[in-house]
Structures are given as structure tokens and as C-alpha cells.
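Protein chains get the first letters and strands the later ones, always in sequence-line order, with residue 1 at the start of each.
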Amino acid sequence: MSQDTSNAPEKAYHHFIHDEVEADLAAGKNAGRVHTRFPPEPNGYLHIGHVKAICVNFGLAQKYGGKCNLRFDDTNPAKEEQEYVDSIQHDVRWLGFGWDRLTYASDFFEELYGYAEHLVRTGHAYVCDLSAEQVAEYRGRLDRPGRESPYRNRSAEENLDLLRRMRAGEFEDGARTLRAKIDMASPNPNLRDPVLYRILRAHHHRTGDRWCIYPMYDYAHGQCDALEGITHSVCTLEFEIHRPLYNWLLDHLPVPHRPRQIEFARLNVTYTVLSKRKLLELVRAGIVDGWDDPRMPTISGLRRRGYTPEALRAFSDGVGVARFNSTVDKVLLENAIRDDLNRRARRAMAVLDPILVTLENFPADKLEWLEAVNNPEDPAAGTRRMPLTRQVWIERDDFREDAPKKYFRLAPGKEVRLRYAYCITCKEVKKDAQGKVIELVCTYDPQTGHGTTPDGRKVKGILHWVSAEHAIEAPVRLYDHLFAAQFPDDVPEGVDWKSNLNPKSLVKVAGPKLEPCLREALPGTHYQFERLGYFFTDPHESKSGAPVFNRTVTLRDSWANIEKREE
RNA sequence: UACCCGGUGGUGUAAUCGGUAACACAAGAGGUUUUGGUCCUCUCAUUCCAGGUUCGAGUCCUGGCCGGGUAACCA
């Protein structure tokens with residue numbers, strides 16, 4: 001099992017599945033083996049919810065010196081595609097995990113079919129001629145028992161003949177099914193003679209047109225687990241009610257091994273949706289720019305946004321594993337990436353909404369190079385030099401004509417420091433015809449280099465800036481969460497969940513002014529734009545010498561909190 | 001309305017055989033700081049309710065209340 005260890009070791013954590021596994025180990029089960037599997041259906045891209053499932057399954061294998069398979073649950077050819085198979089493998093690897101075996105449920109179609117004949121021969125399954133609607137009707141309701149199918153008591157010989165003819169393609173799609181013979185009165189609907197095989201003429205991404213009958217998830221999953229030697233089949237809570245069927249099948253089949261299903265609560269995160277159906281809808285409707293749009297909660301979207309495998313894994317470990325459905329605050333995800341990038345991202349200056357500052361006592365022909373630290377958290381990152389000239393850009397938000405009480409940035413008559421450079425005092429405000437501030441005339445104090453002041457006066461405000469003469473421009477995209485509502489799914493009857501989309505989830509910055517060193521930013525590089533946030537050069541759209549910056553996440557902004565509170 | 005599962009601070013998780021509520025994030029207060037970032041310190045719950053067993057209950061029992069899941073020839 002491979003794992004990226006480029007970062008600090010992740011904190012050890014413990015959850016109830018560890019207890020279960022350890023109890024099995026202590027009881028001497030499975031000859032001390034631990035073997036899990038991550039079983040995605042290749043019908044969409046993996047998202048942050050899968051990150052948790054991946055970390056749990058591969059994590060279990062790592063912790064107990066076991067193995068973990070990647071298994072594609074491809075029993076429904078109508079929905080599954082090779083594109084998804086490829087993206088899933090790529091995402092799992094990128095997250096830092098390597099599987100023991102790569103399998104497909106379809107690898108076992110022949111064995112699965114053999115087991116079906118076994119069930120027929122032993123009188124535990126029958127071919128049913130009821131239509132889908134009739135099956136549903138015969139199944140009864142949640143609070144009412146079902147009725148037995150009139151085909152339930154066919155002889156084993158007849159069933160075997162019909163099953164073989166189903167496989168041979170003698171019947172129309174949907175004409176018959178193979179059903180387990182269990183209990184139509186069971187309070188658990190999964191046990192009311194569940195369908196095991198359906199007739200479906202669809203081209204399968206791996207088996208092509210070899211089969212016209214396909215096993216249902218419930219029938220395939222446990223048997224695949226058994227055939228792969230899986231010891232702990234970890235899945236989400238909604239499969240809990242399927243466990244009796246999972247066990248019933250294993251009880252009635254000559255499987256080589258006995259796996260065990262354990263369920264945990266799937267992950268939910270605020271300000272996003274995590275259902276594949278909805279994500280697909282966003283992609284198909286063109287609301288986002290594909291599965292890897294940086295606003296998508298998909299692994300590929302997060303990657304393009306600038307999230308790192310380490311941050312995603314740390315987030316996953318941090319949310320814990322339990323049997324209680326909960327929704328995690330998205331700030332946990334944001335903090336995970338801030339924490340990681342704080343340590344590794346190089347700093348640079350970028351002014352996104354510029355105002356021109358003219359330093360009236362700075363000679364027009366003077367150019368001064370100032371040393372700036374690349375990463376205060378990592379001395380090995382070294383330093384760089386920034387050019388200072390008579391005119392510089394500063395952030396519009398760093399100037400107020402009428403400064404609020406606790407505002408210690410620039411205002412008329414006030415003094416601030418230009419980071420790594422000198423202290424400046426605002427002398428004059430120039431506006432255009434509409435009253436918009438277009439230029440600030442300031443003086444600089446040449447005695448205030450290197451963070452000092454000659455008289456020891458405190459200058460609290462520190463601004464990022466870029467030389468107007470040297471600034472470069474490049475596309476900068478500010479991403480925010482895709483939905484404006486904390487729980488986008490939570491809409492009243494008849495209201496479209498898409499009405500909760502955040503209209504400002506993507507803002508393209510008009511004329512950013514960037515520090516010249518950023519021109520050389522390579523695709524796929526993390527930066528911190530000081531005082532603003534972490535940015536990532538888009539791996540697809542950046543070209544050498546022409547970077548495109550995606551905002552991964554803003555920096556924590558305690559000033560914004562103060563200002564909000566003061567209102 | 002049936003069956004199954006669950007309920008610990010604002011959020012998410014902890015708490016060996018029942019032994020006297022921990023951690024992270026958020027929020028608030030303060031300190032350090034040439035990023036209002038980072039970092040450091042402090043503050044913030046009698047564990048859904050009611051009974052019961054016990055020297056002792058978040059952990060066990062009973063009854064309520066609340067939440068989630070389940071009626072695809074989807075996974």
C-alpha cells in the first residue's frame with residue numbers, strides 16, 4: 001500500500017469500526033486477516049463523501065497490516081461508463097492510496113451465475129413471470145405483508161430450465177426475474193423474495209454483449225466480497241436493512257469465505273450537495289464547467305481548486321466515523337486546506353481591486369529592490385526581491401475615507417506600512433467625476449525600513465502592494481461555495497434545490513495587479529497571496545508564462561468578523 | 001401507520017469491566033507578530049426526557065419524546 005508521506009504524519013484516531021475489527025481479531029476470525037474493499041459504482045465522479053469511505057477502507061487495511069481492493073460495482077450497464085472507471089482510479093491514487101487488487105463485479109459474473117443455479121437447485125430461488133409493477137404490488141407495503149408470487153412454487157427443474165433460457169436470451173427484457181425464495185411476510189422488505197437477476201439487453205463497458213441478464217447489487221455484493229476474501233465489508237447506513245439479505249445469501253451459498261458487513265454514517269457537508277444524481281444534473285445542465293469545476297465537491301474539482309491529498313485525508317480523519325447521520329461544517333474542510341497550505345505555500349503579493357498610490361517624495365526615476373520572505377513557516381523557501389517605485393497599487397479595501405473605530409489600515413492622515421517596505425502616510429485623496437477614489441497621494445518615511453521606526457512608534461496596519469510599473473496581469477478566479485444555503489437539499493415541496501445556487505460562486509477578477517515573480521508560476525502550484533488567501537495555478541488552463549489563478553480558500557479574516565459584529 | 005438504527009457543548013467526534021465528561025473546529029477574551037494570517041493562553045455541556053438498578057450511570061433496564069433509514073427488475 002502506497003501513501004504519500006510528504007507531509008507531517010496524520011494524527012492517530014480511533015472509531016467504532018476499529019473496535020469491531022479488533023474484536024474479530026481477538027476472537028481469531030479470518031485467521032487474523034483484515035481485508036477491505038472500496039466498491040464504487042462507475043456512474044459518476046468521486047466526491048468528498050467518497051474520500052471518507054476511501055480513507056476508512058484503506059485506512060483499516062493500513063492500520064491492521066491488511067489489504068484493500070478497489071472494486072467497481074458494475075452490475076447495471078445502463079448507467080456505467082469507462083470514463084468514470086478511469087477517473088475513479090486516478091482519484092484514489094491521487095488521494096495517496098494503492099489497492100491490493102483491482103476488480104470488477106463483472107469479473108465474477110460467471111461465478112455469480114453458478115451460485116444462482118445453486119440456489120435454484122436447492123429450492124432457494126425461482127423464476128418469476130410477474131412484471132415489475134406486479135412484483136411491486138405483490139411485495140405489499142411497509143406496514144403490510146406481501147403476497148406470494150403464483151410462480152413461487154415451480155419445480156427446481158422448471159426453474160433451472162427457465163433460468164438457463166433467461167441467460168440464453170430467449171425472453172424479452174423485463175419478462176422474467178430470478179427471485180430468492182425467502183419470506184413475503186417479513187417486516188424487512190428486502191427479504192420479501194428479492195429479485196436476484198433481471199433481463200436487460202444493454203452493452204456493458206467490460207463484458208460487452210455477453211450477458212443479457214445482470215445480477216442485482218444485493219445478490220452480487222456479498223458474493224463478490226466472499227470471492228475476494230473480504231473480511232470486513234464496510235458500507236453506509238442505508239444498507240443496514242440489507243444486511244439480513246447479505247447474510248441470508250451467504251448462508252445459502254457454498255461460498256469460500258464469510259465476510260461481514262459493517263455500516264457507518266455517510267458524510268454530509270454544508271453548502272453543497274453530494275448526491276451523484278444532483279452532481280450529474282449540475283454537469284449536464286451546464287451550471288458548472290464539468291465534473292472538475294473548482295466549485296464541485298468532487299475530488300477532481302477539489303484538486304483543481306487547489307486542495308491537496310494531505311488536507312483531504314486530514315479532514316476525513318478529523319470528522320470521525322460513527323453511526324449517526326450528521327452534516328459537517330464546511331469550515332472544517334477549509335481549515336484542513338489552510339493548515340496544509342500555510343506550511344507549504346509560497347507567499348506572493350497580489351492586488352485584486354487596485355487603487356493607485358503615488359509616493360510624492362519618492363523620486364520618479366528611483367527603483368529599490370526589497371527583500372521579501374517566501375514562506376515564514378519554512379525558512380528553506382528562502383527570499384525574493386520586490387521592486388518598489390514611486391507608484392504602487394494597494395487594495396481598495398485597505399483604504400477608507402471614514403475609518404471605523406477599529407480600522408487600522410489607510411485613511412486620510414493615517415500611517416500604515418507597506419509590507420517589507422516603508423511606512424506611508426495618506427496626504428490627499430483623488431476622485432473621479434462619480435466620486436470614486438482613483439488615487440491616493442502619500443508620503444513615505446525613508447527611515448522606516450526593515451520593519452523599524454526611528455522613534456519606536458507603532459504602525460499597526462500593514463498592507464500588501466505591487467509596484468505599478470512592474471505589476472503583471474493574469475486571470476484570477478475567486479471561487480466561493482456553490483450554494484448559498486447551508487443545506488441546499490432542504491427545500492420545501494415543489495421548490496427546486498437549484499434555487500439555492502450561489503450566484504456569486506465564481507467571480508472573475510477584472511484587472512488584478514500581480515507581483516512580477518508570479519509570471520513564472522508553473523501550472524499546479526500553490527501560492528498564498530498575502531492577506532487574501534490561497535491560490536492555485538489552474539492545471540489545465542495555465543500555460544508556461546501565462547498562469548491562471550484559482551482561489552482555493554480565503555485566509556481567516558478576523559477583521560471581517562469584527563466589522564460584521566460592529567454593525 | 002410497520003420494521004430497523006440512532007440521540008453527548010453551536011458543529012463533528014471521545015470517554016477500557018458502569019468510576020465522576022475529553023479533543024478538534026466555531027464563538028468570545030487576551031498575548032506574540034512587518035500577513036487583522038500563523039502561533040500561544042484562557043472561557044464556553046450536569047450527556048433528549050421520566051423513572052429504575054447501583055456506593056456510583058453518558059454507559060445497564062423500562063417507558064416516553066425526537067431524528068434518520070426502508071416499499072427500484074438502482075447502487
Side-chain angles (χ1 to χ4, degrees), chain A residues 11 13-15 19 39-41 43 73-76 78-80 105 128 130-133 135-136 139-146 173-179 186-190 192 194-200 213-214 216-218 220-221 235-244 263 265 267 270 276-277 318-329 331-332 334-336 338-339 342-343 347 349 372-373 376-377 406-409 417-421 423 448-452 459-464 528-533 554-563 565:
Chain A
K11 219 174 71 191
Y13 69 111
H14 197 270
H15 54 69
D19 294 334
E41 182 188 11
N43 67 343
D73 227 327
D74 56 351
T75 55
N76 185 2
K79 290 186 182 174
E80 296 148 8
C128 181
L130 256 26
S131 68
E133 300 70 47
V135 168
R139 187 160 29 235
R141 296 263 227 98
L142 287 177
D143 55 351
R144 222 180 295 147
D173 283 12
R176 292 181 219 261
T177 55
L178 180 73
R179 300 176 67 182
S186 171
N188 182 343
N190 290 294
R192 319 241 262 229
V195 171
L196 267 24
Y197 269 93
R198 75 278 213 184
I199 303 173
L200 179 63
I213 59 172
Y214 290 95
M216 301 294 291
Y217 163 85
D218 279 312
H221 204 87
C235 63
T236 46
L237 243 30
E238 67 268 30
F239 291 101
E240 187 169 24
I241 199 166
H242 295 242
R243 183 163 16 111
E263 313 85 16
L267 174 70
T270 56
K276 279 200 214 170
R277 200 205 90 226
V319 301
V321 179
R323 290 175 60 83
F324 178 68
N325 279 308
S326 59
T327 302
V328 167
D329 193 330
V331 301
L332 254 68
E334 296 179 343
N335 283 332
R338 285 187 183 115
D339 186 49
N342 175 48
R343 281 172 291 172
R347 316 283 126 127
M349 304 282 185
V373 174
E377 305 296 318
K406 294 175 181 168
Y407 188 85
F408 47 78
R409 302 179 187 177
R417 173 177 293 281
L418 294 182
R419 176 145 231 235
Y420 295 127
C423 294
T448 55
H450 306 286
T452 62
V459 178
K460 198 141 168 71
I462 294 161
L463 311 187
H464 59 279
Q528 183 198 98
F529 289 175
E530 293 213 27
R531 304 211 304 134
L532 296 176
T554 61
L555 248 36
R556 268 202 198 82
D557 188 352
S558 54
W559 163 245
N561 272 4
I562 293 168
E563 200 172 29
R565 219 184 314 137

Please work out the stems of RNA chain B from pairs that are Watson-Crick or G-U wobble with both distances under 3.5 Å, keeping only runs of three or more consecutive pairs. B:2-7 with B:65-70, B:10-13 with B:22-25, B:27-31 with B:39-43, B:48-52 with B:60-64
With sequence neighbours excluded, tell me which residues meet salt bridge (charged side-chain N to carboxylate O under 4.0 Å, His left out) with A:R192. none
Counterpart residues, side-chain hydrogen bond (donor to acceptor under 3.5 Å, both in side chains), relative to A:H464 (two or more places apart): A:E395, A:R531
Who passes ring-ring contact (aromatic ring centres under 6.0 Å, His included) against A:Y407, sequence neighbours left out? A:W559
Going by side-chain hydrogen bond (donor to acceptor under 3.5 Å, both in side chains), name the residues that satisfy it together with A:T236, two or more places apart in sequence or in a different chain. A:E238
Quick one: which protein N/O atoms are closer than 3.5 Å to N/O atoms of nucleotides 46-49 of chain B? Pair and distance per line, please.
none

Distances for protein N/O vs nucleotides 72-75 of chain B N/O pairs under 3.5 angstrom?
| unit_1 | atom_1 | unit_2 | atom_2 | d |
| --- | --- | --- | --- | --- |
| B:A72 | O5' | A:R139 | NH2 | 3.2 |
| B:C73 | OP2 | A:R139 | NH1 | 3.3 |
| B:C73 | OP2 | A:R139 | NH2 | 3.2 |
| B:C73 | N3 | A:G174 | O | 3.2 |
| B:C73 | N4 | A:L130 | O | 2.8 |
| B:C73 | N4 | A:A132 | N | 3.0 |
| B:C73 | N4 | A:G174 | O | 3.0 |
| B:C74 | OP2 | A:R198 | NE | 3.0 |
| B:C74 | OP2 | A:R198 | NH2 | 2.8 |
| B:C74 | O3' | A:R198 | NH2 | 3.3 |
| B:C74 | O2' | A:N76 | ND2 | 2.9 |
| B:C74 | O2' | A:K79 | NZ | 3.4 |
| B:A75 | OP1 | A:T75 | OG1 | 2.6 |
| B:A75 | OP1 | A:R198 | NH1 | 3.3 |
| B:A75 | OP1 | A:R198 | NH2 | 3.1 |
| B:A75 | OP2 | A:Y217 | N | 2.8 |
| B:A75 | O4' | A:E41 | OE1 | 3.4 |
| B:A75 | O3' | A:D73 | OD2 | 3.4 |
| B:A75 | N6 | A:H242 | NE2 | 3.2 |

Going by the rule ring-ring contact (aromatic ring centres under 6.0 Å, His included), which residues pair with A:Y420 if we only count those two or more places apart in sequence or in a different chain? none
Name all residues meeting the side-chain hydrogen bond (donor to acceptor under 3.5 Å, both in side chains) criterion together with A:R419; count only those two or more places apart in sequence or in a different chain, and write none if there are none. A:E530
Sequence neighbours left out, what passes side-chain hydrogen bond (donor to acceptor under 3.5 Å, both in side chains) with A:D173? Give chain and number order. A:R201
When you measure only distances, ignoring hydrogens and angles, does the side chain of A:R409 come within 3.5 Å of the base of B:G36 through a donor and an acceptor? yes
Who passes salt bridge (charged side-chain N to carboxylate O under 4.0 Å, His left out) against A:R141, sequence neighbours left out? none
If the sugar-phosphate is the primed atoms plus P, OP1 and OP2 and the base is the rest, what is the B/S/- string for nucleotides 10-19 of chain B, using protein heavy atoms under 4.0 Å? -SSSS-----
